[in-house]
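Worksheet for the structure shown next.
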Amino acid sequence: MSEAWEPRIVAFFCNWCTYTAADLAGVSRLKYAPNLRTIRVMCSGRVDPQFVLEAFARGADGVLIGGCHPGDCHYISGNYKCLRRFKMLRRLVRDMGIEEGRLRLEWIAASEGEKLKNVVNEMVAHVRALGPLRLNQKFAEWDEEMNQLEHAVGEAQKAKEPVHA
Amino acid sequence: MPEKPKIAFYWCASCGGCEESVVDLAENILDVVAAVDIVFWPVAMDFKVSDVEAMPDGSIAATMINGAIRTSEQEEMARLLRRKSKYLIAYGACAQLGGLPALANQFPREQIMKFVYEESPTVDNPARIRPQTKFAEDGRVATLPEFRNVVRTLDQVVEVDYYLPGCAPTPKLLAKAVEALLTGDLPPKGSVLAPDVALCEECPRKDSKPTEVAFKEFKRPHLTALDPTLCFLAQGVVCMGVATRGGCEAQCVRGHMPCTGCFGPTSRVRDQGAKVLSSLSANVAAEDEHGIEKTLAGIPDPVGTFYRYGLAASLLRRKVSLR
Amino acid sequence: MDTTTRHIKYQADCDPTFAPAIKAIPGCEKLDSCIQCGTCSGICPLSIYMDMPPRRIMNLVRYGFKREVMNSNTVWLCSACYACTVECPRQIKVTDVMYALKQMAIKERLYPKRFPMVVLANQFYKMVRHRGRMNEIHLVTRLYLLTNWFKLLEMARLGIELIRRGRFSVKPDNIERRAELHAILDYEKRYPPTEAAPK
Amino acid sequence: MTGIPNTDGNGRRGAAGEEIRIGFYVCHCGMNIASLVDVAAVAKEAAKLPHVIVSREYKYMCSDPGQEFIMQDIRENRLNRIVVAACSPNLHESTFRGAVARGGINPYFFQMVNIREHGSWVHTDAAAATAKAIDQVRAAVARVAKHRPLERRRMEVNQAVLIVGGGIAGITAALNLADAGKKVYLVEREPTIGGHMAKYDKTFPTLDCAACILTPKMSAVREHPNITLWTYSEVTKVDGHVGKFKVTVRRKPRYIDEETCVGCLECISACVFKTPKFEDEFNEGLGKRKPIYIPFPQAVPPLVTIDPETCLKFKTGKCKSPCETVCDRKAVDFSQTEKTEEIEVGAVIVATGFKAFDVTRLPIYGYGLYDNVYTALEVERMVTSSGPTGGEITLRDGRVPKSIGIIHCVGSRDKKTNRWCSRVCCMYSLKLAHLLREHTGADVYQFYIDMRCPGKGYDEFYERMLDEGVQMIRGRAAEVTDWTMSPEEEGKLVVRVEDTLAAYVRRIPVDMVVLSTGMEPAVGADEIRRMFNISCSTEGFFLEKHPKLAPVETATAGVFIAGCCQGPKDIPDTVAQAGAAAAQALALIDKGYVEMEPNTSYIDPDDCSGCKSCIPLCPYHAIAFDEGSKKAVINEALCTGCGTCVASCPSGSISQNLFEDDQIFSEIEEVLSHV
Amino acid sequence: MTKRYTYFPGCSILGTGRACEESTRAVFAELGVELDDLEDWNCCGATAYMSVDEHKALALAARNLALADTKECPELTTPCSGCYLVLNKTQRYMEEYPRVGDKVKCALKDAGLNYTGRVRVRHMLDILVHDVGLDEVRKHVKRPLKNAKIAPYYGCQTVRPYLDFDHQHYPMTIDRLAEALGATPVHFPLKTRCCGGSQMGTLPNVAQRLCYAILREARRQGANLILSVCPLCHFNLDSYQPDIRRRFGEDVSITTMYYTQLVGLAFGMDPETLGLHRNMTWDGSWLEREVLAGATA
Ligand SMILES: Cc1cc2nc3c(=O)[nH]c(=O)nc-3n(C[C@H](O)[C@H](O)[C@H](O)COP(=O)(O)OP(=O)(O)OC[C@H]3O[C@@H](n4cnc5c(N)ncnc54)[C@H](O)[C@@H]3O)c2cc1C
Ligand SMILES: Cc1cc2nc3c(=O)[nH]c(=O)nc-3n(C[C@H](O)[C@H](O)[C@H](O)COP(=O)(O)OP(=O)(O)OC[C@H]3O[C@@H](n4cnc5c(N)ncnc54)[C@H](O)[C@@H]3O)c2cc1C
Ligand code: SF4
Ligand code: SF4
Ligand code: SF4
Ligand code: SF4
Ligand code: SF4
Ligand code: SF4
Ligand code: SF4
Ligand code: SF4
């Protein structure tokens, strides 16, 4: 990638509150940073921690989960389950060396277009300050150490001597 | 008389338990030995690498490699055996998932070296000498393999045909796998040679699990008096059986220890740890942030708990070093 | 001669630091949820002599009427019977609020002069600090000497009776490990409250 | 649901094995999208994606010609998947699904990309907005390739309704539905319907006679051809789901044949107990009844009941049973046993009401310790002319009270007992003040924390009571004792209270104390909650689906709630809510069927280990453990498709239609394919 | 099996409350309960310390908890209701407010003490009625006090705010105990009302008024004896009867004693052992005249 780095944030929005809040932000012509890539789910309770890790593994610099405020979940309590998973997941992600600010859970109600805008802008700014995570590129860098072996083996075979005595 | 199929065993970063498990075949091992020709098994027999190099490519019917891949030598051997074998089998949790050695993926190489050669309480090394990959003396050159920054699963280094899960695989599963190899009755490539249903299915405590678990606290097995008949989760003790492939016949549970997940996830799951995290935390009883955090604090080391065997194979693979 | 007093209160008459300071004391945190139901006053056995019922104190505290609260006799009448605390429908620990007010008053010397309760508390405090135990007779004697020595005479009858019945311990009692006690009580001197207590 | 048929139920083309052919359309929305997003570039990029056969841009996709494009392409290019990048799916997803279906393929082979609300309208940088649009399009194209044909489910709805609880709420709902021509089963636990209201003499704020307005309704229930009334009965089991609940009702024996008894009450007079001897529940224990009794004269059904706990025939077997012999219709039947009825209904209204707070939990008010302390319900019975005292207000010691204290908020607004305001007690306390004054001329004191009289005519009623001279003392009574300090207190009960408006603690001697008890969830509410899968709020009242917008619905489709089981309320509100519940039930069953989105979840029985982790997570109790197969099973009729269980199954054995793991993973992969 | 508790006497026991101690030890010894004295205990701080400094007050009391912590039996008991409350409050505040608990624990640590939190504070009345049990008490009764009409006086700090073995407003434990001794408890609406406590020293008019109401009501309800639980309550009710008569112009005199003294009497112990002679209202012939004589009649 030759262009300047831009934070890439994957967002999982619940259909009833946060996705609709984003619609409202649109209808109200509020302006926010274009760094989000949104995936719509019916409920924040559907957000499998695997999705979050997969997003990071594939190069996301941040992951945002948006759900209904506690007590307002369209499916009664999906957001509580999301909150519980999030609490554990954030600890796990932190223990794995990913800064806490890269994973966020926000309750954004359908009427809170303004909040959506602010959350996105804030998060983009925050992640921008943290710099790229780009795990997919890290994986490639890590694997580079193996590729050198390939090369060494080639050389060794030319010289007809074992790599290790 | 047709030639007996050639079989090889090799170990990488492993504890040796997997080798032991082959011996655990007990009297059956004789049948196996009778049916096959073991051409390479450094732990038990004196073969040289050059013997293997001399074999034609693809001439070994099946090679079982156990252990994770941490050094360049292991990488090299994996490649060599891959080339020489028709089927390459990742044998045991370490080869399949990284295993316990992969927990080292939480630490940078430098930290490990420093600890092992300088700071460990049993080390006396005032000169702070570290192993060198190349050392020349009297005109002779000695080399040591490269110590990699990342612990890998076997399939992150070479293509793997089958996986035999477990820490270590059970003799029963091994016997079945050997039989399949001999009869050629093999599942699709890439399969794990164990049932694709989670352990609870075959757990003797399954029936004791209530349908309404809501965790008020997580207890640690070594600090808790446990009911020997009740499902661990029903007692608030983390049991990975829910997220772990069956096939071990719940040995640990029968031995009164919760499952720690060595058989890895089912084929439908990409990240065993994320899944068990999801299920356990969603079932926490508390609804307020503080209460949730308090309950979850009962799992002080999520990485070590949820990725006891699977860190190298997990989606994040390794700790990103913090700036 | 001016015989009328201003009774209207301006916001400037209130002390905005008062309520936060009280609420910071353990037991007083729920002060704001008082619904002014008056159960505390109604159940309080000492309310017969209080110039302001406990309920009123609660309201005055939370809205910053420090001067009025400190001028009232209510906190000094409270005998810590905990009736209010147990009966309050909001589970406010009214008794603890009373204690907090006493502590503040003593610290800031805002109590009515020579109020016997304060003298008693201070003497008690000193005696226990010094000896580790309390001796009733010594305490009462000191109290009356400092407040109303005339009372001592009044009490003679009771004193004689007590001696006669062997209920009068003249020898002050000391504990053995007083240094240990002082180490405990002086803890804050060594670690002033601004510094976090060492873990 | 797991197999992938080639065609769906309507013969529209499906998927398996067939080559995937995707049509992509990007909308300009006039200039709404096109002014910022480079739609041509989006179309060009989309054209390069795997399986995309056609990629077009158009000014107004939702217009008829726009939709026609899609249908035409499906036919001409044999498309079997459609992606439209336009506005929000909340706006036009159904429009395009319709077009796709009309074009001849399953409507769920469609995915919409929002590049207007989430794109052109919120961004300012054209290049970035275009790049974002392209990423989201890639995700949609990748995802739609994995779609499977789905059907909206339609379920028939049984035309009968079950109503549990025969208080004023249940009665009102039953009559509304029966009048609309629907079959109603009304199940009441007690021997008569009427609930609490049947115990009152007058009701606030109008002071109209409770019996005069309630008894005609009770009789109407009895006579209505569409209502089957089962009193002395309880629901014991509920299976099924909206449209088709299978309900088991246990009918306790009353030892009287309901068909033949005409309510002449000869049997009661004939009973060997010449005088009533046992505590009369209906009269709050103030009166006595015989083992054979009728709760009150206007009870519905007008049947007597024999209480086996006290009847000699049952206790000793030695009674001559004159009741049996005196009945010329031979209605007394000692051999009766419990019966169970099984019914099927389409909807359920739960109206199980409330229970009054148990005052023995607050000994500070001396109930049980002092004879002259009464509960409000006891006083309600006392002031009723047909009540145990014939409307006379005489104390347990025979005196007529000259002064009465009414203590508010007993078991309400108190964290030690119940936190909530019970909403009716301020008003009924005023009512009782009026009635007591009317009967005795006594001085009445009200000890209140706050007067809560919001309602039409309520504050006016309060004012009227003030005018009548009821003394209002603002302060929560602290205690009631017989401890005296002065001669005028001698022989009285003393209420100690702070008159907070005067700022004095007062001791007020009275002859009688009335405790205005608050409301609590009814006895057995928890079992009802479990049987019908109703959630409850922390205090135990049933939880409505939404406190403002769905106050009579519950989280379980087809189960409605009305009256005090949902929360404290008075009769006008109860009746209004019962009417609303009846209307909602009617709207549901009258349509004849319910239609549901297909995005439900399902468990592959071969995969599930039966770990039960998912079961407690479903907010709709849609997941059950099958004891035969030892696996979890999702009842599709109950599943609403939230996906919570899917995200949780630790072995990945649950899938959700339209939100399959691999569909979402491919979205993640594609939105990140450029980084 | 002998029961064993760690025993905290409290300061009043050494002075005005001596009889309380004597009767307590005598009765519990008779019942086979061992009281293991807490060595070098210090004053609990009572109401006065709490008025001056909350943290110091808690730390002061916590020293006793830390001392008890080292004992084999973590159940700490005390005859004084004031001590019972303060020790209990200290223990609970340290749990409820970790900030406070940490601070107090640090202070203790600095003095070389350690408090793990295993101590439970028990009231002696609770132990007598629930651990020993009324059946056991009944077995020891040699002299049923048939004609004693008891006004059971619990006082405030026995029941509030921590009483968990009975109701806080209208408890019945002493009533049941009195019945076990053959006595008749009367209905006593003031059983948990404050006697004025230490206000007796500072504001005697106030405290005497409270005691006046209690004594007066006990007589009015037909009692011939007030039983109290706490040395301070007993002191106030017992010693000020002449002053009260003078101040309020009404004779409200009535015999008062500790519940343990009454238990001892029923057990047939002699008044001297029970320290009854130390009570101001004790009259040697009272027992014969009012209680025993009436009973035989
Ligand atoms: C003392 C008092 C006075 C009041 N006075 C007035 C007044 O003057 N005016 C006014 O507007 N409101 C008044 N109210 C409020 C009024 O009583 C309620 O609003 C009204 O009774 C609520 O009706 P309901 O049908 O919801 O409940 P309920 O009247 O409680 O009826 C519920 C019915 O369901 C039955 N039931 C319960 N559980 C089951 C079960 N598991 N299976 C089958 N049946 C069951 C019960 O037996 C009962 O018949 C007063 C309340 C009280 C406490
Ligand atoms: C300041 C304020 C704040 C409030 N906040 C809350 C709150 O937070 N929560 C809450 O639960 N309640 C709140 N309420 C109460 C709430 O507003 C009402 O309960 C609710 O709006 C009532 O709805 P309605 O449909 O009956 O009446 P309305 O909202 O008044 O609607 C009546 C409609 O009828 C139309 N209309 C009138 N006459 C005619 C006619 N002749 N022909 C045709 N159309 C006509 C009007 O134009 C209007 O659109 C609040 C009220 C106020 C005043
Ligand atoms: S969770 Fe563990 S103990 Fe429980 S049934 Fe599953 S494997 Fe067995
Ligand atoms: S129970 Fe779990 S940890 Fe133990 S062997 Fe089986 S899979 Fe491995
Ligand atoms: S009892 Fe509690 S709520 Fe009522 S006035 Fe007193 S402090 Fe406030
Ligand atoms: S604790 Fe104090 S304020 Fe509260 S009731 Fe007792 S004396 Fe009154
Ligand atoms: S489909 Fe949506 S974006 Fe396109 S024209 Fe219609 S409203 Fe506008
Ligand atoms: S309605 Fe009135 S009496 Fe009843 S709880 Fe509410 S405020 Fe108290
Ligand atoms: S998707 Fe939601 S509603 Fe459906 S079964 Fe799963 S948890 Fe229940
Ligand atoms: S969580 Fe998964 S494996 Fe466990 S019972 Fe549910 S569907 Fe089966």
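Proteins get letters first, then strands, A, B, ... in listed order; numbering begins at 1 in each.
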Inset, instruction - May I have the step-by-step check of side chain to side chain contact (heavy atoms under 4.5 Å, CB included) for D:Tyr365 and E:His169, ending in yes or no? - result: CA-CA 10 Å; D:Tyr365 293 141; E:His169 185 67; over 6 Å; no
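- For chain D, no part of E:Phe188 is nearby; none of its heavy atoms comes within less than 4.5 Å.
- The environment of D:Glu309 atom CD is sparse: at most 12 non-hydrogen atoms of other residues, nucleotides or ligands sit within 6.0 angstrom.
- If you measure heavy-atom distances from E:Gln221 to chain D, the contacts under 4.5 Å come from the side chain alone.
- By the neighbour-count criterion of 12 heavy atoms within 6.0 Å, atom CZ of D:Arg419 is sparsely surrounded, having that number or fewer from other residues, nucleotides or ligands.
- Residue-environment remark: CD (D:Glu392) stays at or below the threshold of 12 foreign heavy atoms within 6.0 Å.
- With hydrogens and angles disregarded, a donor-acceptor distance shorter than 3.5 Å links the side chain of E:Arg216 to the backbone of D:Thr484.
- Within the 4.5 Å cutoff, side-chain heavy atoms of D:Tyr370 are placed close to those of E:His187.
- Taking NZ of D:Lys416 as the start and CD of E:Gln168 as the end, the distance is 9.0 Å to the nearest 0.5 Å.
- In the displayed structure, E:Glu136 atom CD is contacted under 6.0 Å by more than 12 heavy atoms of other residues, nucleotides or ligands.
- In D:Tyr504, the OH atom is not crowded: 12 or fewer heavy atoms of neighbouring residues, nucleotides or ligands sit closer than 6.0 Å.
- Residue contact with chain E, scored on non-hydrogen atoms closer than 4.5 Å, involves the side chain of D:Leu369 exclusively.
- Heavy-atom neighbours of D:Lys402 NZ from other residues, nucleotides or ligands within 6.0 Å: at or below the threshold of 12.
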